[in-house]
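Below is one structure, written out as structure tokens, with a few remarks after it.
Below, read A as the first sequence line, B as the second, and so on, with proteins coming before strands; counting in each chain starts at 1. Heavy-atom basis, side chains included; hydrogens, waters and symmetry copies ignored.
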Amino acid sequence: DVKVTQSSRYLVKRTGEKVFLECVQDMDHENMFWYRQDPGLGLRLIYFSYDVKMKEKGDIPEGYSVSREKKERFSLILESASTNQTSMYLCASRKRGWKLFFGSGTQLSVL
Amino acid sequence: GQQLNQSPQSMFIQEGEDVSMNCTSSSIFNTWLWYKQDPGEGPVLLIALYKAGELTSNGRLTAQFGITRKDSFLNISASIPSDVGIYFCAGQIGSNYKLTFGKGTLLTVNP
């Protein structure tokens, strides 16, 4: 079975803090994605990476950056967390062009 | 960008009833995926469809890839309480790396 692991289920941070969300997949997938999910807005794509050291902006990249130094790991960085970044963050991965598999999510609260 | 219209937004049904939900788009997709998300968890892939007209089952779930390639539906037969959750459709166009997601259907099953 494909396993996409997000490092934290719940995080509480303060406004202005730098926040790292980590995601690891164990199936040698080329593509990795970060989404945020908010009630009524569905899943919105923040950034994606189609291979190591490659990244592309999704639909809502403002306030976020990403890092993909190794194939199995894709990190989402909030340089200076703000309250409007309180959300559920979902990481996903797939073999190029195939089915997308999600992690369990990180519920981030920024106070 | 592409948009998916998923309906209904929510459903409240009795245990044992059949359920039907669908997604439509003005764009043509070459892959349709259906996901279920339990509260506080990431979406889990239920069914993947790759050909127009394809009808695929997974237990009590059946999904079809519309013949026009602009729609898909998901049926759940004889619903049970553990079917509760949010169901998402997702479509992919060509070799585009991004999936487009519907906003989800919230299903509640009354025992």
### Task
State the CZ-CZ distance between Phe48(A) and Arg94(A), to the nearest 0.5 angstrom.
9.0 Å
### Query
At what distance, to the nearest 0.5 angstrom, does CD1 of Ile86(B) lie from NZ of Lys36(B)?
10.5 Å
#### Entry: Asp18(B)-Ser77(B) side chain donor-acceptor pair, cut-off 3.5 Å
no
### Task
Say whether Ser79(B) and Glu17(B), considering side chains only, have a donor N or O and an acceptor N or O under 3.5 Å apart.
no
Is it the side chain or the backbone of [X] that comes within 4.5 Å of chain B heavy atoms, both, or neither?
X	value
Leu100(A)	both
Arg44(A)	neither
Gln6(A)	neither
Tyr10(A)	neither

Can you name the nearest heavy-atom pair linking [X] to [Y], along with the distance?
X	Y	result
Met27(A)	Lys95(A)	O-NZ, 4.4 Å
Ala63(B)	Trp34(B)	CB-CD1, 3.9 Å
Gln14(B)	Pro111(B)	NE2-O, 4.4 Å

### Message
Please classify the contact between Gln37(B) and chain A as side chain, backbone, both or neither, with a heavy-atom cut-off of under 4.5 Å.
### Response
side chain
### Query
Most heavy-atom pairs under 4.5 angstrom with chain A, which of Gly42(B), Pro43(B), Gly40(B)?
Pro43(B)
#### Entry: Residues Lys57(A) and Glu62(A) bridged, charged N to O under 4.0 Å
no
### Query
With a cut-off of 6.0 Å (strictly less than), are more than 12 heavy atoms of other residues, nucleotides or ligands near CD of Glu15(B)?
yes
### Residues from residues 103-111 of chain A approaching chain B under 4.5 Å (heavy atoms)
Gly103(A), Ser104(A)
